[in-house]
Amino acid sequence: MKKTVLFGTLAVAGLTAAAASAATLDDVKARGHLNCGVVTGLAGFGAPDANGVWEGFDVDVCRAVAAAIFGDKDAVEFVPTTGETRFTALSSGEIDLLARNTTWTMSRDTDLKFDFIGVNYYDGQGFLIPKSLGVTSAKDLDGATVCIQTGTTTELNLADFFRANNISYQPVAVQTNAEGQQQYLAGACDVYTTDASGLAATRATFEAPGDHVLLPEIISKEPLGPLVRHGDNEWGDIAMWTLNALIAAEELGITSANIAEMSAAPTNNPEVNRILGTEGELGAMIGLSADWAKNAIMAGGNYGEIFERNIGENTPIGLARGLNAQWTDGGLLYSPPFR
C-alpha cells in the first residue's frame, strides 16, 4: 500500500514537472519571440547601437537561442536588467532567459531556484584606477573609495579581499555600469571594481583609456553564463545545447562562412553531421527542427567568431581568449559530445 502511494506520488510529481518543463517553450512559441534579459549597457557585451539595435557578446547568445527555435535571430526582445532586478525578472516570467554577465554560484543555483546552463565567459573580479593615483597593487588601496554595483557577487568579494588584507575601504553604491562609470570619472570614487572583462569594456569607452589602468590582482572566480528557472528542463536543454553548439562549432571548424556548404550534404565527420542536422534526430529530442543548431550558428557565427567580433583583441575591448580558449588550445571551453 505504501509503495502504491509512493509510486502514485512520484508519478504525479513527474507529470507536474513535465508540464512545467514544457511551459516556457510553449509560451515562447505562442508569443512568437524570445524575451531575453541583458545588461543595461556594457560595451562589447550588451548595448544598443546608434540605431537602437542591441549588439554584443551576450546579446548574440540570445539571438542564437531565438534562431534555434524560430530560424530567425531577430525573433527576440531584449529586456535591460540591473544587478538587483535581473533575478526578479527571471523568476517572475518577465524574461525567458537571462543572458547578461551573471556569476554562477551555489546560492543562485539552489536558494534562488535557477539553473545555469553553462559558462560563456570565464572571468574574475578586478580593479580599475586612474593612472595618476600611482597605485600598482590592490593591496595598496587602504582607505580608498570604491564604486561597486549593488546586488552582485562583487560586493562580498570586495569585503572579503579587504578584510583578508587588513585594509579598509569606503563603498560607493551604484545600480548600473553606466552609473558606475559616471561616478568613477567624476571622481566620486578612487576605484571601480567589477568583473575584469567589464572593466576592460568600460575603459574602452573613455576619451583617454590610457589614463586608467587595471591592477594585476584578480580576486575571485567569476564563471559567467546564461540561466533559466528551475523545473524548466526542456527549456533549459534548448538553451544549454544552443550554447554548446556554438562552442562545438568552433572546435569542429564550422563557421558562418562555410556552414552552408558543410550542411548541403553529410560530411565525413558524424558529429558535424549531427550538429548540422544532416544525420540523426537531435533536433526532435528537444522539440526543435533538424536544423536548429545550424540556425543558431548562422545567427552570429561560432563561439570564436562571436568573441572576436565583440570583445576580441582587435576590438576596442581588446580581450585575449585566455581561459576562454578551446580546451584544445589550453583554455576551459569544452562542449559535451553531440551524439
*Asks:* Would you say CZ of Arg163 has more than 12 non-hydrogen atoms from neighbouring residues, nucleotides or ligands within 6.0 angstrom?
*Replies:* no
*Asks:* Please name the pair of heavy atoms, one in Gly44 and one in Ile311, separated by the smallest distance, quoted to 0.1 Å.
*Replies:* O-CG2, 3.4 Å
*Asks:* With clusters defined by side-chain heavy atoms of hydrophobic residues (ILVMFWY) lying less than 4.5 Å apart, directly or transitively, does Leu214 cluster with Val135?
*Replies:* no
*Asks:* If you draw a 6.0 Å radius around CG in Asn258, do more than 12 non-hydrogen atoms from other residues or ligands fall strictly inside?
*Replies:* yes
*Asks:* Check step by step if side-chain hydrogen bond (donor to acceptor under 3.5 Å, both in side chains) holds for Glu250 and Gln326.
*Replies:* CA-CA 8 Å; Glu250 181 185 19; Gln326 289 282 337; 2.9 Å; yes
*Asks:* Among Arg108, Gln125, Lys221, Glu222, which one satisfies side-chain hydrogen bond (donor to acceptor under 3.5 Å, both in side chains) with Thr153?
*Replies:* Glu222
*Asks:* So do Leu276 and Ile259 actually touch side chain to side chain, heavy atoms under 4.5 Å?
*Replies:* yes
*Asks:* Do Thr315 and Arg309 come within less than 4.5 Å of each other through their side chains, counting heavy atoms only?
*Replies:* no
*Asks:* Could you walk me through whether Cys62 and Val38 pass side chain to side chain contact (heavy atoms under 4.5 Å, CB included), step by step?
*Replies:* CA-CA 9 Å; Cys62 299; Val38 290; 4.0 Å; yes
*Asks:* So, the side chain of Glu308 versus the backbone of Gly304: is there a donor-acceptor pair under 3.5 Å, distance only?
*Replies:* no
*Asks:* Are Phe127 and Phe161, when compared by the centres of their aromatic rings, separated by less than 6.0 Å?
*Replies:* yes
*Asks:* Which is it for Val76 and Trp54 under the side chain to side chain contact (heavy atoms under 4.5 Å, CB included) test, yes or no, and what are the steps along the way?
*Replies:* CA-CA 10 Å; Val76 54; Trp54 281 86; over 6 Å; no
*Asks:* I would like to know whether Asp74 and Arg63 meet salt bridge (Lys or Arg N to Asp or Glu O under 4.0 Å); could you show each step before the answer?
*Replies:* CA-CA 6 Å; Asp74 294 322; Arg63 294 195 189 283; 3.2 Å; yes
*Asks:* Honestly curious: do Leu185 and Leu42 fall in one hydrophobic cluster under the side-chain, below-4.5 Å linking rule?
*Replies:* no
*Asks:* Does one side chain, of Arg229 or Ser91, offer a donor that lies under 3.5 Å from an acceptor on the other?
*Replies:* no
*Asks:* Please tell me if the side chains of Asn101 and Ser197 come closer than 4.5 Å, counting only heavy atoms from C-beta onward.
*Replies:* no
*Asks:* Check the pair Asp232 / His230 against side-chain hydrogen bond (donor to acceptor under 3.5 Å, both in side chains), numbers first and verdict last.
*Replies:* CA-CA 6 Å; Asp232 220 344; His230 263 338; over 6 Å; no
*Asks:* Atom OG1 in Thr202, atom CG in Asp195: separation rounded to 0.5 Å?
*Replies:* 10.5 Å
*Asks:* Out of curiosity, does Val79 fall in the hydrophobic cluster containing Ile69 (side-chain heavy atoms, cut-off under 4.5 Å, transitive links)?
*Replies:* yes
*Asks:* Assess the residue pair Val191 and Leu128 against the criterion (side chain to side chain contact (heavy atoms under 4.5 Å, CB included)); give the C-alpha distance rounded to whole Å, side-chain angles, the decisive distance to 0.1 Å, and a yes or no.
*Replies:* CA-CA 6 Å; Val191 186; Leu128 179 68; 6.0 Å; no
*Asks:* Nearest 0.5 Å please: distance from the OG1 atom of Thr136 over to the NZ atom of Lys131.
*Replies:* 13.0 Å
*Asks:* Find the distance between NZ (Lys139) and CG (Asn166) and round it off to the nearest 0.5 Å.
*Replies:* 12.5 Å
*Asks:* If you define the side chain from C-beta out and look only at heavy atoms, does anything of Asn177 sit under 4.5 Å from Gln182?
*Replies:* no
*Asks:* Can a salt bridge be assigned to the pair Asp60 and Lys73 using a cut-off of 4.0 Å between side-chain N and carboxylate O?
*Replies:* no
*Asks:* Looking only at heavy atoms, which two atoms of Ala249 and Asn302 are closest? And how far apart?
*Replies:* CB-CB, 3.7 Å
*Asks:* Taking the side chain as C-beta and beyond, is there a heavy-atom pair between Ile297 and Ser256 under 4.5 Å?
*Replies:* no
*Asks:* Quick one: sort the Tyr169 and Phe162 rings into parallel, tilted or perpendicular, breaks at 30° and 60°.
*Replies:* tilted
*Asks:* Quick one, Leu332 and Tyr122 - any side-chain contact, counting heavy atoms below 4.5 Å?
*Replies:* yes
*Asks:* Could you check whether any side-chain heavy atom of Val65 comes within less than 4.5 Å of a side-chain heavy atom of Leu97, counting everything from C-beta outward?
*Replies:* yes
*Asks:* Between Asp109 and Trp104, does any side-chain donor sit less than 3.5 Å from a side-chain acceptor?
*Replies:* yes
*Asks:* What's the shortest heavy-atom distance between Leu34 and Ala66, and which atoms?
*Replies:* CD2-N, 4.1 Å
*Asks:* To the nearest 0.5 Å, tell me how far Thr176 OG1 sits from Gln183 CD.
*Replies:* 10.0 Å
*Asks:* Is there a donor-acceptor contact under 3.5 Å from the side chain of Thr267 to the main chain of Met262?
*Replies:* no
*Asks:* Linking I/L/V/M/F/W/Y whenever their side-chain heavy atoms sit closer than 4.5 Å, directly or via other members, would Val228 and Val61 fall into one cluster?
*Replies:* no
*Asks:* For Asp291, does its backbone N or O pair with a side-chain atom of Asn295 as donor and acceptor, under 3.5 Å?
*Replies:* yes
*Asks:* Crowded around Tyr334 OH? As in, over 12 foreign heavy atoms under 6.0 Å?
*Replies:* no
*Asks:* Going by distance alone, is a donor N or O of one side chain under 3.5 Å from an acceptor N or O of the other, for Thr105 and Thr103?
*Replies:* no
*Asks:* Between Arg321 and Asp329 (salt bridge meaning N to carboxylate O under 4.0 Å), is one present in this structure?
*Replies:* no
*Asks:* Check Asn310 against Ile306 and note the closest heavy-atom contact, atom names and distance.
*Replies:* ND2-O, 2.9 Å
*Asks:* Going through the distances and angles, do Thr82 and Thr85 end up as a side-chain hydrogen bond (donor to acceptor under 3.5 Å, both in side chains)?
*Replies:* CA-CA 5 Å; Thr82 69; Thr85 65; 3.2 Å; yes
*Asks:* What's the verdict on side chain to side chain contact (heavy atoms under 4.5 Å, CB included) for Leu98 and Phe87, showing C-alpha distance, side-chain angles and the deciding distance?
*Replies:* CA-CA 8 Å; Leu98 180 60; Phe87 299 131; 4.2 Å; yes
*Asks:* If you group Ile, Leu, Val, Met, Phe, Trp and Tyr by side-chain heavy-atom gaps below 4.5 Å, do Ile218 and Leu158 land in one group?
*Replies:* no
*Asks:* Would the number of heavy atoms belonging to other residues, nucleotides or ligands and lying under 6.0 Å from CG of Asp49 be above 12?
*Replies:* yes
*Asks:* Going by heavy atoms in the side chains, are Glu305 and Thr255 under 4.5 Å from each other?
*Replies:* yes
*Asks:* Which heavy atom of Thr194 sits nearest to which heavy atom of Leu199, and what is that distance?
*Replies:* CG2-CD2, 3.5 Å
*Asks:* Rounded to the nearest 0.5 Å, how far apart are CD1 of Ile286 and CG of Leu288?
*Replies:* 4.5 Å
*Asks:* Is a side-chain N or O of Glu271 found less than 3.5 angstrom from the main chain of Phe338, in a donor-acceptor match?
*Replies:* yes
*Asks:* Taking Ser168's backbone N and O only, do any of them form a donor-acceptor pair with Asp142's side chain (distance below 3.5 Å, no angle check)?
*Replies:* yes
*Asks:* Could you report the tightest heavy-atom contact between Gln149 and Thr154, atom names first, then the distance?
*Replies:* O-OG1, 3.9 Å
*Asks:* Could you measure the distance from the CG atom of Leu227 to the CG atom of Leu224? Nearest 0.5 Å is fine.
*Replies:* 11.0 Å
*Asks:* Apply side-chain hydrogen bond (donor to acceptor under 3.5 Å, both in side chains) to Thr145 and Asp190, showing your working.
*Replies:* CA-CA 5 Å; Thr145 53; Asp190 304 310; 3.1 Å; yes
*Asks:* Pair His212, Tyr184 - check ring-ring contact (aromatic ring centres under 6.0 Å, His included), show working.
*Replies:* CA-CA 11 Å; His212 305 266; Tyr184 170 77; 5.4 Å; yes
